[in-house]
Amino acid sequence: MNPTKIRRRVTAVTLVEVLVSVCVMGATGVLLLGLLGQGNRGTARAGEVQLAVSLGARSMDVLLAQGFSGLAPRGGRDSSLMLGKMGPGRPDPAADPTKLVLDGVTFMGWCQFVTVKPGILRVNVTIMWEGVRGTERVSGVLPLVRLMADPGHGMSLRTPARGGAA
Amino acid sequence: MRVRSATRMSRGSGLALVMVSTLVAGLLGVALVDRSIRSSRTAAWGREHLVARMLAGSVADATYLDLQEMANIPGSSLYEALRQGGVGTAGAPSVPVAMTLPAIITPVVEEQAKVLGATITPSLAVSLRGLSTPHFDPEGRIGVVVVDVVIEVTGRPLAVTERLTVERAVRVSKVTAPFPLDQVGLLVMKTSKRDLARFKGKPALATTSRAPRTLLELMTTEGADGLQILPVEARKQVGNALRRVEAAALRTKAHFVVKSGQELDALIRPLLAQGKAVHGVVHVDSRGPEDVTRLELPVFRGRCLISVTGPVVVGDIRLEDPARDSLTIVSQDRVLVIGREVHASIVALSKEKGGLAFQQRAVIRGSLICQTFPAAVGLSSDEFGGCQFGGSAVAAVAASSHVAILAPHPLAIRTNQEGEE
(Lines give C-alpha, C1' and ligand atoms only; values in the text may rest on other atoms or scores of the structure.)
Protein backbone atom coordinates (compact mmCIF):
# COMPACT_ATOMS: atom_id res chain seq x y z
CA MET A 1 0.00 0.00 0.00
CA ASN A 2 1.07 3.60 -0.72
CA PRO A 3 2.42 5.08 2.61
CA THR A 4 1.19 8.56 1.59
CA LYS A 5 -2.41 7.31 1.31
CA ILE A 6 -2.19 5.74 4.74
CA ARG A 7 -0.89 8.95 6.34
CA ARG A 8 -3.72 10.99 4.78
CA ARG A 9 -6.44 8.63 6.20
CA VAL A 10 -4.94 8.87 9.73
CA THR A 11 -4.93 12.75 9.60
CA ALA A 12 -8.67 12.86 8.62
CA VAL A 13 -9.70 10.55 11.50
CA THR A 14 -7.69 12.54 14.05
CA LEU A 15 -9.37 15.87 13.11
CA VAL A 16 -12.81 14.34 13.54
CA GLU A 17 -11.75 13.05 16.90
CA VAL A 18 -10.54 16.47 17.89
CA LEU A 19 -13.75 18.14 16.78
CA VAL A 20 -15.92 15.62 18.55
CA SER A 21 -13.73 15.85 21.61
CA VAL A 22 -13.94 19.62 21.64
CA CYS A 23 -17.72 19.50 21.33
CA VAL A 24 -18.10 16.90 24.02
CA MET A 25 -15.70 18.62 26.34
CA GLY A 26 -17.32 21.97 25.67
CA ALA A 27 -20.77 20.66 26.42
CA THR A 28 -19.52 18.85 29.45
CA GLY A 29 -17.69 21.91 30.61
CA VAL A 30 -20.76 24.07 30.29
CA LEU A 31 -22.85 21.48 32.08
CA LEU A 32 -20.26 21.03 34.76
CA LEU A 33 -19.90 24.75 35.33
CA GLY A 34 -23.64 25.03 35.58
CA LEU A 35 -23.77 22.18 38.06
CA LEU A 36 -20.87 23.69 39.97
CA GLY A 37 -22.63 27.01 40.19
CA GLN A 38 -25.92 25.41 41.22
CA GLY A 39 -24.16 23.24 43.74
CA ASN A 40 -22.37 26.20 45.23
CA ARG A 41 -25.57 28.20 45.46
CA GLY A 42 -27.43 25.29 47.01
CA THR A 43 -24.69 24.68 49.55
CA ALA A 44 -24.48 28.36 50.35
CA ARG A 45 -28.25 28.56 50.72
CA ALA A 46 -28.20 25.53 53.00
CA GLY A 47 -25.52 27.18 55.07
CA GLU A 48 -27.64 30.33 55.39
CA VAL A 49 -30.67 28.33 56.49
CA GLN A 50 -28.59 26.36 59.01
CA LEU A 51 -27.14 29.53 60.45
CA ALA A 52 -30.59 31.12 60.63
CA VAL A 53 -31.88 27.99 62.44
CA SER A 54 -28.97 28.17 64.87
CA LEU A 55 -29.52 31.88 65.52
CA GLY A 56 -33.26 31.39 65.88
CA ALA A 57 -32.87 28.51 68.31
CA ARG A 58 -30.33 30.37 70.39
CA SER A 59 -32.39 33.57 70.45
CA MET A 60 -35.48 31.66 71.50
CA ASP A 61 -33.58 29.85 74.26
CA VAL A 62 -32.22 33.14 75.61
CA LEU A 63 -35.70 34.69 75.62
CA LEU A 64 -37.42 31.69 77.21
CA ALA A 65 -34.78 31.63 79.95
CA GLN A 66 -36.06 35.02 81.12
CA GLY A 67 -39.32 33.41 82.10
CA PHE A 68 -42.89 34.54 81.70
CA SER A 69 -42.54 37.28 84.28
CA GLY A 70 -39.54 38.70 82.44
CA LEU A 71 -41.16 38.72 79.00
CA ALA A 72 -44.81 39.57 79.66
CA PRO A 73 -44.14 43.25 80.50
CA ARG A 74 -42.47 43.69 77.08
CA GLY A 75 -45.71 42.89 75.28
CA GLY A 76 -46.68 44.76 72.10
CA ARG A 77 -43.23 46.07 71.20
CA ASP A 78 -40.87 44.76 68.52
CA SER A 79 -37.31 44.43 69.77
CA SER A 80 -34.20 43.74 67.75
CA LEU A 81 -32.18 40.68 68.62
CA MET A 82 -28.47 41.08 69.37
CA LEU A 83 -27.31 38.71 66.65
CA GLY A 84 -24.01 40.54 66.32
CA LYS A 85 -22.93 38.98 69.60
CA MET A 86 -23.72 35.45 68.50
CA GLY A 87 -21.26 35.18 65.63
CA PRO A 88 -17.85 33.50 65.59
CA GLY A 89 -14.93 35.26 67.18
CA ARG A 90 -15.01 38.48 69.14
CA PRO A 91 -17.65 40.95 68.00
CA ASP A 92 -16.40 44.22 66.61
CA PRO A 93 -17.35 46.94 69.13
CA ALA A 94 -17.85 49.40 66.30
CA ALA A 95 -20.24 47.15 64.42
CA ASP A 96 -24.02 47.17 64.75
CA PRO A 97 -24.78 44.61 67.50
CA THR A 98 -28.17 43.82 66.00
CA LYS A 99 -26.63 42.51 62.79
CA LEU A 100 -24.41 39.54 62.07
CA VAL A 101 -22.48 39.73 58.80
CA LEU A 102 -20.93 36.53 57.46
CA ASP A 103 -19.59 35.93 53.94
CA GLY A 104 -21.35 39.00 52.59
CA VAL A 105 -24.74 38.03 54.05
CA THR A 106 -26.31 40.13 56.83
CA PHE A 107 -28.49 38.39 59.44
CA MET A 108 -31.00 40.41 61.48
CA GLY A 109 -33.68 39.38 63.95
CA TRP A 110 -36.68 40.67 65.87
CA CYS A 111 -38.76 39.43 68.76
CA GLN A 112 -42.28 40.31 69.77
CA PHE A 113 -44.46 39.28 72.71
CA VAL A 114 -48.23 39.11 72.52
CA THR A 115 -50.65 37.99 75.24
CA VAL A 116 -53.01 35.72 73.34
CA LYS A 117 -55.13 34.92 76.40
CA PRO A 118 -54.68 35.34 80.16
CA GLY A 119 -51.73 33.23 81.18
CA ILE A 120 -50.41 32.60 77.64
CA LEU A 121 -47.76 34.69 75.97
CA ARG A 122 -46.91 34.26 72.29
CA VAL A 123 -43.20 34.72 71.62
CA ASN A 124 -42.45 35.56 67.97
CA VAL A 125 -38.85 35.43 66.76
CA THR A 126 -38.06 36.31 63.15
CA ILE A 127 -34.62 35.85 61.61
CA MET A 128 -34.07 37.58 58.27
CA TRP A 129 -31.03 37.55 56.04
CA GLU A 130 -30.01 39.33 52.85
CA GLY A 131 -26.86 39.95 50.92
CA VAL A 132 -25.01 39.57 47.65
CA ARG A 133 -23.05 36.48 46.60
CA GLY A 134 -21.09 37.22 43.50
CA THR A 135 -23.68 38.81 41.27
CA GLU A 136 -26.67 37.13 42.85
CA ARG A 137 -28.87 38.66 45.52
CA VAL A 138 -29.76 36.27 48.37
CA SER A 139 -32.42 36.65 51.04
CA GLY A 140 -34.54 34.57 53.36
CA VAL A 141 -36.72 34.66 56.44
CA LEU A 142 -37.29 32.20 59.26
CA PRO A 143 -40.29 32.89 61.52
CA LEU A 144 -40.54 31.00 64.83
CA VAL A 145 -43.43 30.92 67.27
CA ARG A 146 -43.55 29.66 70.86
CA LEU A 147 -46.46 29.87 73.26
CA MET A 148 -45.41 30.30 76.88
CA ALA A 149 -47.58 29.68 79.93
CA ASP A 150 -47.50 31.70 83.13
CA PRO A 151 -46.22 29.21 85.74
CA GLY A 152 -48.10 30.99 88.50
CA HIS A 153 -51.37 30.81 86.64
CA GLY A 154 -52.56 27.84 88.65
CA MET A 155 -52.51 29.87 91.81
CA SER A 156 -54.50 32.72 90.35
CA LEU A 157 -56.96 31.11 87.96
CA ARG A 158 -60.54 32.22 88.43
CA THR A 159 -62.62 29.12 87.93
CA PRO A 160 -66.29 29.18 86.94
CA ALA A 161 -68.84 29.40 89.76
CA ARG A 162 -69.62 25.71 90.13
CA GLY A 163 -69.53 24.64 93.75
CA GLY A 164 -69.49 21.27 95.40
CA ALA A 165 -67.25 19.52 97.83
CA ALA A 166 -64.32 17.59 96.53
CA MET B 1 7.61 0.49 10.57
CA ARG B 2 7.73 2.88 13.57
CA VAL B 3 5.26 5.26 11.87
CA ARG B 4 2.87 2.36 11.19
CA SER B 5 2.95 1.30 14.90
CA ALA B 6 2.38 4.90 16.07
CA THR B 7 -0.52 5.21 13.63
CA ARG B 8 -2.10 2.00 15.01
CA MET B 9 -1.72 3.19 18.64
CA SER B 10 -3.28 6.72 18.11
CA ARG B 11 -6.36 5.56 16.08
CA GLY B 12 -9.55 6.11 18.23
CA SER B 13 -7.65 6.35 21.53
CA GLY B 14 -7.96 10.18 21.77
CA LEU B 15 -11.74 10.03 21.68
CA ALA B 16 -11.81 7.29 24.23
CA LEU B 17 -9.68 9.36 26.57
CA VAL B 18 -12.00 12.31 26.18
CA MET B 19 -15.04 10.16 26.81
CA VAL B 20 -13.49 8.76 29.97
CA SER B 21 -12.54 12.23 31.16
CA THR B 22 -16.02 13.47 30.43
CA LEU B 23 -17.49 10.59 32.37
CA VAL B 24 -15.26 11.30 35.36
CA ALA B 25 -16.10 15.00 35.25
CA GLY B 26 -19.76 14.16 34.97
CA LEU B 27 -19.59 11.90 37.99
CA LEU B 28 -17.83 14.63 39.95
CA GLY B 29 -20.51 17.07 38.93
CA VAL B 30 -23.29 14.71 39.97
CA ALA B 31 -21.54 14.12 43.28
CA LEU B 32 -21.32 17.86 43.85
CA VAL B 33 -24.99 18.35 43.07
CA ASP B 34 -25.87 15.43 45.29
CA ARG B 35 -23.87 17.03 48.10
CA SER B 36 -25.67 20.29 47.54
CA ILE B 37 -29.04 18.55 47.66
CA ARG B 38 -28.06 16.74 50.86
CA SER B 39 -26.93 20.02 52.43
CA SER B 40 -30.24 21.60 51.52
CA ARG B 41 -32.14 18.64 52.97
CA THR B 42 -30.11 18.77 56.17
CA ALA B 43 -30.71 22.47 56.53
CA ALA B 44 -34.44 22.01 55.90
CA TRP B 45 -34.50 19.09 58.35
CA GLY B 46 -32.86 21.28 60.99
CA ARG B 47 -35.41 24.03 60.37
CA GLU B 48 -38.34 21.64 60.55
CA HIS B 49 -37.05 20.11 63.77
CA LEU B 50 -36.72 23.53 65.34
CA VAL B 51 -40.26 24.46 64.31
CA ALA B 52 -41.53 21.10 65.61
CA ARG B 53 -39.68 21.59 68.89
CA MET B 54 -41.21 25.03 69.36
CA LEU B 55 -44.66 23.66 68.57
CA ALA B 56 -44.24 20.77 71.01
CA GLY B 57 -43.28 23.20 73.78
CA SER B 58 -46.24 25.39 72.89
CA VAL B 59 -48.66 22.46 73.08
CA ALA B 60 -47.23 21.41 76.45
CA ASP B 61 -47.55 24.92 77.91
CA ALA B 62 -51.06 25.51 76.58
CA THR B 63 -52.11 22.10 77.88
CA TYR B 64 -50.77 22.96 81.35
CA LEU B 65 -53.14 25.93 81.52
CA ASP B 66 -56.12 23.92 80.32
CA LEU B 67 -55.32 21.15 82.81
CA GLN B 68 -55.04 23.65 85.66
CA GLU B 69 -58.48 24.94 84.85
CA MET B 70 -59.97 21.45 84.45
CA ALA B 71 -58.52 20.30 87.76
CA ASN B 72 -61.01 22.48 89.66
CA ILE B 73 -64.09 22.17 87.47
CA PRO B 74 -66.40 19.46 88.82
CA GLY B 75 -67.28 16.92 86.17
CA SER B 76 -64.17 17.40 84.04
CA SER B 77 -62.01 14.37 83.35
CA LEU B 78 -59.04 15.59 85.37
CA TYR B 79 -61.20 16.72 88.29
CA GLU B 80 -62.78 13.28 88.55
CA ALA B 81 -59.49 11.43 88.04
CA LEU B 82 -57.75 13.43 90.78
CA ARG B 83 -60.42 12.91 93.33
CA GLN B 84 -61.02 9.21 92.95
CA GLY B 85 -59.40 6.82 95.39
CA GLY B 86 -55.65 6.40 95.15
CA VAL B 87 -54.73 4.28 92.14
CA GLY B 88 -51.45 3.08 93.44
CA THR B 89 -47.91 4.09 93.99
CA ALA B 90 -45.31 5.12 91.40
CA GLY B 91 -44.88 2.38 88.86
CA ALA B 92 -48.54 1.39 88.88
CA PRO B 93 -50.47 1.75 85.63
CA SER B 94 -51.29 5.33 84.92
CA VAL B 95 -54.80 6.68 84.56
CA PRO B 96 -55.53 8.28 81.16
CA VAL B 97 -57.17 11.68 81.20
CA ALA B 98 -59.40 12.59 78.27
CA MET B 99 -57.96 15.75 76.77
CA THR B 100 -58.25 17.54 73.45
CA LEU B 101 -55.63 19.72 71.85
CA PRO B 102 -55.90 23.27 73.22
CA ALA B 103 -57.86 25.46 70.82
CA ILE B 104 -55.17 28.11 70.90
CA ILE B 105 -52.71 25.76 69.17
CA THR B 106 -54.63 25.30 65.90
CA PRO B 107 -53.90 28.70 64.35
CA VAL B 108 -50.22 28.41 65.27
CA VAL B 109 -49.99 24.98 63.61
CA GLU B 110 -51.66 26.26 60.44
CA GLU B 111 -49.36 29.25 60.32
CA GLN B 112 -46.20 27.18 60.70
CA ALA B 113 -47.39 24.58 58.19
CA LYS B 114 -47.78 27.35 55.62
CA VAL B 115 -44.29 28.65 56.36
CA LEU B 116 -42.74 25.19 55.93
CA GLY B 117 -44.91 24.15 53.02
CA ALA B 118 -45.61 20.93 54.89
CA THR B 119 -48.33 19.16 56.84
CA ILE B 120 -48.00 19.37 60.62
CA THR B 121 -49.92 16.90 62.74
CA PRO B 122 -49.87 17.43 66.52
CA SER B 123 -51.12 14.81 68.93
CA LEU B 124 -51.55 14.88 72.69
CA ALA B 125 -51.96 12.30 75.46
CA VAL B 126 -52.39 13.08 79.16
CA SER B 127 -52.25 10.66 82.06
CA LEU B 128 -52.10 10.67 85.85
CA ARG B 129 -49.42 8.65 87.55
CA GLY B 130 -48.70 7.78 91.17
CA LEU B 131 -51.95 9.23 92.52
CA SER B 132 -52.10 8.63 96.25
CA THR B 133 -53.07 10.12 99.59
CA PRO B 134 -50.03 11.57 101.35
CA HIS B 135 -49.45 10.67 105.00
CA PHE B 136 -49.13 14.35 105.88
CA ASP B 137 -52.52 15.22 104.40
CA PRO B 138 -55.14 12.48 104.74
CA GLU B 139 -57.76 14.67 103.04
CA GLY B 140 -55.54 15.52 100.09
CA ARG B 141 -54.01 13.88 97.05
CA ILE B 142 -50.68 14.00 95.29
CA GLY B 143 -49.71 12.69 91.91
CA VAL B 144 -47.90 13.39 88.68
CA VAL B 145 -49.56 14.64 85.50
CA VAL B 146 -47.77 13.37 82.40
CA VAL B 147 -48.27 15.24 79.14
CA ASP B 148 -47.03 13.51 75.96
CA VAL B 149 -46.85 15.61 72.81
CA VAL B 150 -45.95 14.34 69.34
CA ILE B 151 -45.47 16.70 66.40
CA GLU B 152 -45.17 15.14 62.93
CA VAL B 153 -44.04 17.16 59.93
CA THR B 154 -44.72 15.44 56.61
CA GLY B 155 -44.91 16.41 52.96
CA ARG B 156 -41.23 17.31 52.81
CA PRO B 157 -38.30 15.22 51.53
CA LEU B 158 -37.53 14.07 55.07
CA ALA B 159 -40.36 13.47 57.56
CA VAL B 160 -39.71 14.84 61.03
CA THR B 161 -41.16 13.64 64.33
CA GLU B 162 -40.60 15.50 67.56
CA ARG B 163 -41.70 14.02 70.89
CA LEU B 164 -41.91 15.89 74.16
CA THR B 165 -42.93 14.52 77.55
CA VAL B 166 -43.50 16.88 80.48
CA GLU B 167 -44.20 15.68 84.01
CA ARG B 168 -45.65 17.99 86.64
CA ALA B 169 -46.58 17.33 90.22
CA VAL B 170 -50.19 17.94 91.15
CA ARG B 171 -51.50 18.39 94.64
CA VAL B 172 -55.09 18.45 95.83
CA SER B 173 -55.32 20.13 99.22
CA LYS B 174 -58.11 21.06 101.52
CA VAL B 175 -58.13 24.82 101.95
CA THR B 176 -60.51 24.89 104.86
CA ALA B 177 -59.89 23.56 108.35
CA PRO B 178 -59.70 19.77 108.45
CA PHE B 179 -62.79 17.76 109.30
CA PRO B 180 -64.55 18.12 111.70
CA LEU B 181 -63.23 21.63 112.44
CA ASP B 182 -64.82 22.90 109.21
CA GLN B 183 -68.24 21.98 110.61
CA VAL B 184 -68.09 24.22 113.68
CA GLY B 185 -69.28 27.75 114.25
CA LEU B 186 -67.27 28.29 117.44
CA LEU B 187 -64.96 25.86 119.23
CA VAL B 188 -63.08 26.70 122.42
CA MET B 189 -60.71 23.90 123.41
CA LYS B 190 -60.17 24.96 126.99
CA THR B 191 -62.82 26.82 128.97
CA SER B 192 -62.28 28.33 132.41
CA LYS B 193 -64.24 29.59 135.40
CA ARG B 194 -63.90 33.17 134.16
CA ASP B 195 -65.68 32.55 130.86
CA LEU B 196 -67.68 29.32 130.64
CA ALA B 197 -67.67 28.05 134.22
CA ARG B 198 -70.45 25.55 133.60
CA PHE B 199 -68.21 23.66 131.17
CA LYS B 200 -65.66 23.00 133.93
CA GLY B 201 -62.65 23.30 131.69
CA LYS B 202 -64.01 21.04 128.98
CA PRO B 203 -64.07 22.04 125.28
CA ALA B 204 -67.12 24.02 124.19
CA LEU B 205 -68.65 23.73 120.75
CA ALA B 206 -71.31 25.60 118.79
CA THR B 207 -72.19 24.10 115.43
CA THR B 208 -72.28 26.13 112.30
CA SER B 209 -75.50 27.83 111.25
CA ARG B 210 -76.85 29.78 108.29
CA ALA B 211 -76.89 33.04 110.16
CA PRO B 212 -74.20 34.21 112.58
CA ARG B 213 -75.12 34.22 116.26
CA THR B 214 -73.86 36.64 118.90
CA LEU B 215 -71.47 35.51 121.57
CA LEU B 216 -74.09 36.36 124.18
CA GLU B 217 -76.65 34.13 122.46
CA LEU B 218 -74.18 31.28 122.21
CA MET B 219 -73.23 31.55 125.86
CA THR B 220 -76.76 31.84 127.21
CA THR B 221 -78.71 29.51 124.94
CA GLU B 222 -78.77 25.92 125.97
CA GLY B 223 -79.13 23.05 123.58
CA ALA B 224 -78.13 22.77 119.95
CA ASP B 225 -78.42 26.50 119.27
CA GLY B 226 -75.84 27.47 121.88
CA LEU B 227 -72.48 26.35 123.16
CA GLN B 228 -72.36 22.73 124.26
CA ILE B 229 -69.69 20.50 125.72
CA LEU B 230 -67.76 18.78 122.97
CA PRO B 231 -68.82 15.11 123.08
CA VAL B 232 -66.15 12.78 124.39
CA GLU B 233 -66.33 10.60 121.29
CA ALA B 234 -65.52 13.59 119.11
CA ARG B 235 -62.52 14.82 121.11
CA LYS B 236 -60.01 12.43 119.59
CA GLN B 237 -61.12 13.38 116.12
CA VAL B 238 -60.89 17.07 116.97
CA GLY B 239 -57.45 16.52 118.52
CA ASN B 240 -56.24 14.81 115.33
CA ALA B 241 -57.63 17.62 113.24
CA LEU B 242 -55.86 20.22 115.38
CA ARG B 243 -52.57 18.40 114.90
CA ARG B 244 -53.09 18.69 111.14
CA VAL B 245 -53.16 22.48 111.40
CA GLU B 246 -49.90 22.73 113.31
CA ALA B 247 -47.10 24.62 111.60
CA ALA B 248 -45.06 21.60 110.54
CA ALA B 249 -48.05 19.86 108.98
CA LEU B 250 -49.24 22.94 107.10
CA ARG B 251 -45.76 23.76 105.92
CA THR B 252 -45.46 20.29 104.42
CA LYS B 253 -48.78 20.51 102.69
CA ALA B 254 -48.40 24.12 101.53
CA HIS B 255 -48.33 24.99 97.84
CA PHE B 256 -46.36 28.14 98.61
CA VAL B 257 -44.04 29.06 101.46
CA VAL B 258 -43.00 32.63 102.23
CA LYS B 259 -40.74 33.98 104.92
CA SER B 260 -42.65 36.91 106.36
CA GLY B 261 -45.92 38.79 106.41
CA GLN B 262 -44.44 41.27 103.92
CA GLU B 263 -43.65 38.51 101.47
CA LEU B 264 -47.19 37.23 101.84
CA ASP B 265 -48.46 40.68 101.03
CA ALA B 266 -46.18 40.90 98.00
CA LEU B 267 -47.49 37.52 96.82
CA ILE B 268 -51.23 38.01 97.07
CA ARG B 269 -51.90 41.74 96.74
CA PRO B 270 -50.69 42.09 93.11
CA LEU B 271 -52.82 39.10 92.11
CA LEU B 272 -55.93 40.52 93.75
CA ALA B 273 -55.22 43.97 92.32
CA GLN B 274 -55.10 42.46 88.80
CA GLY B 275 -58.48 40.82 89.31
CA LYS B 276 -56.98 37.38 89.69
CA ALA B 277 -57.71 34.82 92.39
CA VAL B 278 -55.49 33.30 95.06
CA HIS B 279 -55.75 29.54 95.46
CA GLY B 280 -53.98 27.02 97.59
CA VAL B 281 -52.27 26.70 100.94
CA VAL B 282 -49.83 29.50 101.67
CA HIS B 283 -47.55 29.07 104.66
CA VAL B 284 -45.83 32.04 106.28
CA ASP B 285 -42.70 31.24 108.26
CA SER B 286 -42.73 34.40 110.36
CA ARG B 287 -39.39 35.72 111.53
CA GLY B 288 -40.51 35.85 115.15
CA PRO B 289 -43.13 37.22 117.54
CA GLU B 290 -42.36 40.76 116.33
CA ASP B 291 -43.16 39.83 112.71
CA VAL B 292 -46.88 40.53 112.69
CA THR B 293 -48.83 39.50 109.61
CA ARG B 294 -51.60 41.94 108.78
CA LEU B 295 -54.51 40.62 106.74
CA GLU B 296 -56.85 43.30 105.54
CA LEU B 297 -58.49 42.31 102.27
CA PRO B 298 -61.44 44.48 101.18
CA VAL B 299 -62.06 42.09 98.29
CA PHE B 300 -60.71 38.57 98.36
CA ARG B 301 -61.23 36.10 95.56
CA GLY B 302 -60.00 32.55 95.53
CA ARG B 303 -59.95 29.49 97.76
CA CYS B 304 -57.09 29.79 100.16
CA LEU B 305 -55.73 28.73 103.52
CA ILE B 306 -53.15 31.06 104.98
CA SER B 307 -51.03 29.52 107.70
CA VAL B 308 -48.86 31.85 109.80
CA THR B 309 -46.39 30.81 112.47
CA GLY B 310 -46.39 34.25 114.07
CA PRO B 311 -49.05 36.67 115.30
CA VAL B 312 -51.80 37.85 112.96
CA VAL B 313 -53.88 41.03 112.89
CA VAL B 314 -57.14 40.52 111.00
CA GLY B 315 -58.84 43.55 109.49
CA ASP B 316 -61.90 43.64 107.26
CA ILE B 317 -62.02 40.71 104.89
CA ARG B 318 -64.78 40.34 102.33
CA LEU B 319 -65.21 37.58 99.76
CA GLU B 320 -66.03 38.68 96.25
CA ASP B 321 -68.31 35.67 95.74
CA PRO B 322 -69.12 33.52 98.81
CA ALA B 323 -70.43 30.82 96.44
CA ARG B 324 -66.94 30.11 95.11
CA ASP B 325 -64.48 31.90 97.40
CA SER B 326 -63.24 30.94 100.84
CA LEU B 327 -60.45 31.99 103.18
CA THR B 328 -59.16 30.22 106.28
CA ILE B 329 -56.55 31.83 108.52
CA VAL B 330 -54.48 29.67 110.86
CA SER B 331 -52.09 31.22 113.35
CA GLN B 332 -49.78 29.34 115.70
CA ASP B 333 -49.52 32.58 117.72
CA ARG B 334 -51.97 35.27 118.82
CA VAL B 335 -54.75 36.62 116.63
CA LEU B 336 -56.15 40.12 117.07
CA VAL B 337 -59.35 40.96 115.18
CA ILE B 338 -59.60 44.66 114.38
CA GLY B 339 -62.06 44.44 111.48
CA ARG B 340 -65.84 44.61 111.64
CA GLU B 341 -66.66 42.18 108.84
CA VAL B 342 -64.45 39.12 108.56
CA HIS B 343 -65.59 36.65 105.89
CA ALA B 344 -63.08 34.03 106.84
CA SER B 345 -62.59 31.15 109.21
CA ILE B 346 -60.01 31.68 111.93
CA VAL B 347 -58.00 29.06 113.79
CA ALA B 348 -56.00 30.54 116.67
CA LEU B 349 -53.73 27.95 118.23
CA SER B 350 -52.03 30.03 120.91
CA LYS B 351 -52.70 28.52 124.32
CA GLU B 352 -52.08 31.80 126.11
CA LYS B 353 -54.93 33.71 127.67
CA GLY B 354 -56.19 36.16 125.07
CA GLY B 355 -54.69 34.11 122.23
CA LEU B 356 -57.69 35.30 120.23
CA ALA B 357 -58.80 38.85 120.97
CA PHE B 358 -61.33 41.28 119.54
CA GLN B 359 -60.73 45.00 119.29
CA GLN B 360 -63.96 45.60 117.38
CA ARG B 361 -67.49 44.38 117.54
CA ALA B 362 -66.99 41.99 114.67
CA VAL B 363 -68.97 39.55 112.55
CA ILE B 364 -67.00 36.41 111.75
CA ARG B 365 -68.66 34.66 108.81
CA GLY B 366 -66.79 31.44 109.14
CA SER B 367 -65.62 28.90 111.69
CA LEU B 368 -63.80 30.17 114.75
CA ILE B 369 -61.52 27.73 116.56
CA CYS B 370 -59.39 28.79 119.49
CA GLN B 371 -57.51 27.16 122.33
CA THR B 372 -58.78 29.62 124.96
CA PHE B 373 -61.92 31.70 125.21
CA PRO B 374 -61.77 34.89 123.07
CA ALA B 375 -60.79 38.06 124.88
CA ALA B 376 -61.92 41.67 124.44
CA VAL B 377 -59.44 44.50 123.98
CA GLY B 378 -60.95 47.90 124.70
CA LEU B 379 -64.50 46.65 124.22
CA SER B 380 -67.41 46.95 126.60
CA SER B 381 -69.15 43.76 127.59
CA ASP B 382 -72.14 44.70 125.40
CA GLU B 383 -69.93 45.19 122.40
CA PHE B 384 -68.03 42.01 123.04
CA GLY B 385 -71.23 40.08 123.61
CA GLY B 386 -72.51 41.43 120.30
CA CYS B 387 -69.67 39.87 118.31
CA GLN B 388 -71.17 37.33 115.95
CA PHE B 389 -69.79 33.97 114.92
CA GLY B 390 -70.74 31.24 112.54
CA GLY B 391 -72.94 31.78 109.49
CA SER B 392 -70.55 29.79 107.37
CA ALA B 393 -73.03 27.11 106.40
CA VAL B 394 -73.81 28.67 103.08
CA ALA B 395 -70.18 29.21 102.20
CA ALA B 396 -69.09 25.77 103.40
CA VAL B 397 -71.55 24.07 101.07
CA ALA B 398 -71.25 26.32 98.09
CA ALA B 399 -67.50 26.77 97.88
CA SER B 400 -65.40 23.72 97.20
CA SER B 401 -63.16 22.95 100.15
CA HIS B 402 -60.41 21.48 97.98
CA VAL B 403 -58.12 23.03 95.44
CA ALA B 404 -55.96 21.22 92.91
CA ILE B 405 -52.85 22.99 91.77
CA LEU B 406 -50.29 21.82 89.24
CA ALA B 407 -46.69 22.65 90.06
CA PRO B 408 -45.50 25.83 88.32
CA HIS B 409 -42.36 24.12 87.07
CA PRO B 410 -42.06 20.62 85.62
CA LEU B 411 -40.54 17.69 87.48
CA ALA B 412 -39.05 16.28 84.29
CA ILE B 413 -38.86 17.10 80.58
CA ARG B 414 -37.89 14.48 78.01
CA THR B 415 -37.45 14.98 74.28
CA ASN B 416 -37.12 12.32 71.60
CA GLN B 417 -36.58 12.61 67.90
CA GLU B 418 -37.28 9.90 65.36
CA GLY B 419 -35.12 6.88 65.81
CA GLU B 420 -34.35 7.68 69.44
CA GLU B 421 -35.71 5.71 72.39
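Proteins get letters first, then strands, A, B, ... in listed order; numbering begins at 1 in each.
- Of the listed residues B:Gly46, B:Gly57, B:Gly280, the one with more heavy-atom pairs under 4.5 angstrom with chain A than any other is B:Gly57.
- Residues B:Pro408 and A:Pro151 come closest through the heavy atom pair CB-O, 3.2 Å.
- Contact tally against chain A (heavy-atom pairs below 4.5 Å) for B:Leu50, B:Ile37, B:Ile405: the top residue is B:Leu50.
- Of all the heavy atoms in B:Gln112 and A:Pro143, the pair that sits closest is OE1-O, 3.7 Å.
- Around the NZ atom of A:Lys85, the shell of radius 6.0 Å holds no more than 12 heavy atoms that belong to other residues, nucleotides or ligands.
- Although no hydrogens or angles enter the test, the distance criterion places no donor-acceptor pair under 3.5 Å between the side chain of A:Arg45 and the main chain of B:Ser40.
- Between B:Tyr64 and A:Ala149 the shortest heavy-atom distance is CD2-CB, 3.7 Å.
- Of the atoms belonging to A:Asn40, not a single heavy atom falls under 4.5 Å from chain B.
- In this structure, chain B has no heavy atom under 4.5 Å from any part of A:Asn124.
- With values rounded to the nearest 0.5 angstrom, A:Met148 atom CE is found 11.5 Å from B:Leu65 atom CG.
- Interface remark: of the candidates B:Val30, B:Leu32, B:Thr42, B:Leu32 forms the most heavy-atom pairs closer than 4.5 Å to chain A.
- Between A:Arg122 and B:Val108 the shortest side-chain heavy-atom distance falls below 4.5 Å.
- A:Gly42 approaches B:Ser36 most closely through the heavy-atom pair CA-OG, 3.4 Å.
- Contact annotation for A:Leu36: both backbone and side-chain heavy atoms come within less than 4.5 Å of a heavy atom of chain B.
- For a residue to count as touching a neighbouring chain, one of its non-hydrogen atoms must lie under 4.5 Å from one of that chain's; by this rule A:Ile120 touches chain B with backbone and side chain alike.
- Nearest heavy-atom pair, A:Ala57 versus B:Arg53, reported as atom, atom and distance to 0.1 Å: CB-NH2, 3.8 Å.
- Heavy-atom pairs under 4.5 Å with chain A peak, among B:Ser58, B:Ala25, B:Ala43, at B:Ser58.
- Only the side chain of B:Val115 comes within contact range of chain A, judged by heavy atoms closer than 4.5 Å.
- Heavy-atom distances place the side chain of B:Leu267, and not its backbone, under 4.5 Å from chain A.
- Heavy atoms closer than 4.5 Å to chain A are found nowhere in B:Glu139, neither backbone nor side chain.
- With rounding to the nearest 0.5 angstrom, the OG1 atom of A:Thr28 is 8.0 Å from the CE atom of B:Met19.
- Ranked by non-hydrogen atom pairs under 4.5 Å with chain A, the options B:Arg38, B:Gln274, B:Glu111 are led by B:Glu111.
- Within 6.0 Å of CE in A:Met25 there are 12 or fewer heavy atoms belonging to other residues, nucleotides or ligands.
- With a 4.5 Å cut-off on non-hydrogen atoms, B:Val59 does not touch chain A at all.
- Within the 4.5 Å cutoff, the side chain of B:Met54 has no heavy atoms near those of the A:Val123 side chain.
- With a threshold of 4.5 angstrom between heavy atoms, B:Leu406 does not approach chain A through any atom at all.
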